[in-house]
Amino acid sequence: MFQKKAVNDESLFTMLMKGKMETEVVDAELVLPSYLSFKKVQMYEKYPKGQARGRHWKHLKQIIQAENYQNYPPDEPNYVNIESPPSMHPCKKICDITGFEAPYHDPRTNLRYANTEVFKIIRSLPNEYVQRYLALRNAAIVLK
């Protein structure tokens, strides 16, 4: 009667390399793994010539060109012609000096500020600089 032998990967590899496989193993038609788990995978096997090694990122311009958006009907929405309504959320208030989120505003100059250090800077600014900051925000007013 046919008996199965417990063969681990290393002994199987040594038998394969020496060419001394038992007839029982050959007759059993074992499915051998495509690679042996203990063998180190070479880079040229893992990444054949001409294949990228890492993740390839596409820029928006490349995506738009690949999609051929000019062939789509004009009434079908896509990334090029999408129109959205104005946001329902209030816009964030940004500090005029630092660019951080500003929970406060100076009542005397109407400049927004993020913390006390910026407030001290705002109070020490000359009037012409304050007007320039307000003009950047399109909130230019004449201060008295």
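Summarising the geometry, atom CZ belonging to Arg137 is positioned 6.5 Å from atom CG belonging to Leu111; distances are rounded to the nearest 0.5 Å.
In this structure, the side chain of Asn127 does not engage the main chain of Val130 through any donor-acceptor pair within 3.5 Å.
Listed by first then second residue, pairs satisfying ring-ring contact (aromatic ring centres under 6.0 Å, His included) with a partner in residues 118-139 read Tyr113-Phe119, not counting sequence neighbours.
Taking each heavy atom of Asn110 and Leu134 in turn, the nearest pair found is O-CD2, 3.8 Å. The shortest heavy-atom contact between Cys95 and Ala114 is SG-N, 3.7 Å. What you find for Ile122 and Arg112 is that their closest heavy atoms are CD1-O, 3.9 Å. Smallest separation of non-hydrogen atoms from Arg123 and Asp106: NH2-OD1, 2.7 Å.
By the side chain to side chain contact (heavy atoms under 4.5 Å, CB included) test, Ile121 pairs with no residue at all, sequence neighbours left out. Scanning for side chain to side chain contact (heavy atoms under 4.5 Å, CB included) contacts around Lys120 gives an empty result, with sequence neighbours left out.
Looking at heavy atoms from C-beta onward, Leu136 lies out of side-chain contact with Asp96 at the 4.5 angstrom threshold.
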task = Would you check, one step at a time, whether the test side-chain contact (heavy atoms from CB on, under 4.5 Å) holds for Ile97 with Leu125?
result = CA-CA 11 Å; Ile97 308 297; Leu125 286 175; 4.2 Å; yes

